[in-house]
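These notes concern the structure reproduced below.
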Number of protein chains: 2
Amino acid sequence: MAIKDRKERDKLDRRKLIIESATRLFLELGYEKTSIRTIADDIEYSPATIYLYFKEKDEIFYIIHEQGFVLLNNEFAKHVHIENPFERLTAIGHSYLNFALDNPDYYDLMFIMRAPLQEISCLEKWDAGDSAFQVLVDTVSEGIDQRLLKEADKFMVALTVWSYAHGLVSLYIRERFQSMKKVDDQVLKNMLGQSMDFFLKSIQH
Amino acid sequence: MAIKDRKERDKLDRRKLIIESATRLFLELGYEKTSIRTIADDIEYSPATIYLYFKEKDEIFYIIHEQGFVLLNNEFAKHVHIENPFERLTAIGHSYLNFALDNPDYYDLMFIMRAPLQEISCLEKWDAGDSAFQVLVDTVSEGIDQRLLKEADKFMVALTVWSYAHGLVSLYIRERFQSMKKVDDQVLKNMLGQSMDFFLKSIQH
DNA sequence: TTTGCATACTAAACACTGTTTAGTATATTT
DNA sequence: AAATATACTAAACAGTGTTTAGTATGCAAA
């Protein structure tokens with residue numbers, strides 16, 4: 001049965017090949033311009049072959065979507081050692097902001113686009129996303145328990161913090177701040193950081 | 001020259017016909033499924049005819065985008081009479097939330113989608129959007145001047161408020177809260193309102 | 001060794017999309 | 001009546017995601 005094993009390994013290798021090509025092309029060209037034919041050209045297979053390894057285009061992008069959450073969770077993990085929950089929340093907030101500014105395409109796929117979401121609601125899996133949100137809920141909970149944050153329903157506060165952070169970066173990424181483009185990009189980016197601090201200070205007890 | 005006048009009127013009528021059809025189809029089917037051919041079928045003209053009245057698909061959707069801002073500005077206008085800036089801000093905040101929940105497709109086009117945005121950055125016009133943001137900046141400014149809101153850079157605070165509100169509704173619209181779907185939709189909607197009040201109370205002086 | 005079968009792959013097609021081109025009627029002007 | 005401008009469209013172009021039908025290839029049983 002060694003042959004069958006090798007074949008299964010080969011199959012996984014080709015699956016991996018597709019994912020790696022798709023990820024690279026996606027970060028290079030964006031979602032829209034990364035077509036099945038582009039990926040097929042890149043890995044030198046026919047477009048139909050890709051459908052032997054993935055049910056549909058969005059299944060590939062769901063995987064890239066998950067990879068993004070791994071990166072984000074890694075950033076969050078750097079702050080688990082911070083004892084003070086408010087300081088930890090501050091660090092997480094700025095990490096979230098920086099992640100979005102440094103990886104706008106990943107962020108788009110993870111939090112803005114509709115594309116890879118059918119996958120999630122069908123397959124009931126959303127672990128990586130839940131994990132990142134759980135870090136937020138835990139930190140907020142600790143903060144409230146230690147009276148470092150204003151008293152309120154913990155889940156609701158976490159939802160408020162996430163909403164604020166998401167709004168800030170998604171308006172930036174989707175260029176809704178660009179309209180008042182009297183301000184140049186670096187000034188605007190600095191203001192995003194100031195806004196983050198203002199927000200966190202506001203919910204501080 | 002009466003004939004020429006009539007012809008110009010007719011031309012505007014057909015332009016209006018296209019816009020009305022496109023708006024109706026967009027609110028019924030969404031952006032993706034409202035194709036040039038769908039509109040052409042609906043108004044019983046050929047697809048090529050539409051290109052005699054609009055340079056490209058996104059020019060039509062830019063106009064729908066503008067119509068959305070008229071609706072939103074109308075909602076905001078209902079609160080200009082409120083003397084107390086903090087109370088006015090609260091009313092505006094809840095109007096924004098309700099507008100998004102009642103008109104998710106408009107909201108998507110106005111604040112999330114990339115589609116009709118080339119138009120804006122090219123033609124330098126973004127009046128409706130600027131006007132809505134100006135209402136926010138003015139209200140925040142008054143609030144800070146009267147020490148009803150925490151002291152900080154006025155533009156930055158307005159940006160923070162908008163970011164929060166946008167994050168809240170866009171995460172809802174793009175179904176990022178649906179993952180923790182232990183909570184049902186009505187409970188979640190109530191929580192959005194509570195979050196809005198919590199946020200506003202937090203930035204209150 | 002040869003037959004049979006499953007695996008891996010692809011050319012071509014299907015049904016869409018936004019957009020352009022070239023050509024046809026109709027109406028107005030000369 | 002001839003020339004011109006207007007309004008419109010059939011058909012094509014280049015692209016998309018996806019499916020179908022068919023072709024080689026490698027392995028297992030006869």
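Lettering of chains follows the sequences in order, A, B, ..., and the numbering in each one begins at 1. For clarity, every value in this text was computed on a predicted model and none was experimentally measured.
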Starting at [atom1] of [X] and ending at [atom2] of [N], how long is that distance when rounded to a whole Å?
{"X": "B:Y51", "N": "C:dT21", "atom1": "OH", "atom2": "P", "answer": "13 Å"}
{"X": "B:Y31", "N": "C:dT17", "atom1": "OH", "atom2": "C1'", "answer": "11 Å"}
{"X": "A:I50", "N": "D:dG17", "atom1": "CD1", "atom2": "P", "answer": "9 Å"}
{"X": "A:D41", "N": "D:dA14", "atom1": "CG", "atom2": "P", "answer": "16 Å"}
{"X": "B:E32", "N": "D:dT16", "atom1": "CD", "atom2": "C1'", "answer": "12 Å"}
{"X": "B:E44", "N": "D:dA7", "atom1": "CD", "atom2": "C1'", "answer": "17 Å"}
{"X": "A:E56", "N": "D:dT18", "atom1": "CD", "atom2": "P", "answer": "6 Å"}
{"X": "B:E59", "N": "C:dT19", "atom1": "CD", "atom2": "P", "answer": "10 Å"}

Is the distance between the ring centroids of A:F54 and A:F61 less than 6.0 Å? no

Is the distance between the ring centroids of B:H65 and B:F69 under 6.0 Å? yes

Taking only the side-chain heavy atoms of [X] (C-beta and beyond), determine which of [options] contains the nearest atom.
{"X": "B:K57", "options": "C:dA8, C:dG18, D:dC8", "result": "C:dG18"}
{"X": "B:Y45", "options": "C:dT17, C:dA11, D:dC8", "result": "D:dC8"}
{"X": "B:R14", "options": "D:dA7, D:dT18, D:dT9", "result": "D:dA7"}
{"X": "B:Y53", "options": "C:dG18, D:dC8, D:dT19", "result": "D:dC8"}
{"X": "B:L52", "options": "D:dC8, C:dC9, C:dT19", "result": "D:dC8"}

So, is B:T49 close to the D:dT9 phosphate, meaning a side-chain N or O under 4.0 Å from OP1 or OP2? yes

Does A:S35 or A:A48 map to a spot on DNA chain D nearer the 5' end, using the closest nucleotide for each? A:S35

5'-most by nearest nucleotide on DNA chain C - A:S46 or B:T38: A:S46

Drop me the distance from B:F177's CZ to B:I173's CD1, to the nearest 0.5 angstrom. 11.0 Å

Could you check whether any side-chain heavy atom of A:H79 comes within less than 4.5 Å of a side-chain heavy atom of A:V135, counting everything from C-beta outward? no

Return the orientation label for the B:F199 and A:F199 ring planes: parallel under 30°, perpendicular over 60°, tilted otherwise. parallel

Look at the side chain of A:R37 against the base of D:dG17 and say whether a donor-acceptor pair falls under 3.5 Å; ignore hydrogens and angles. yes

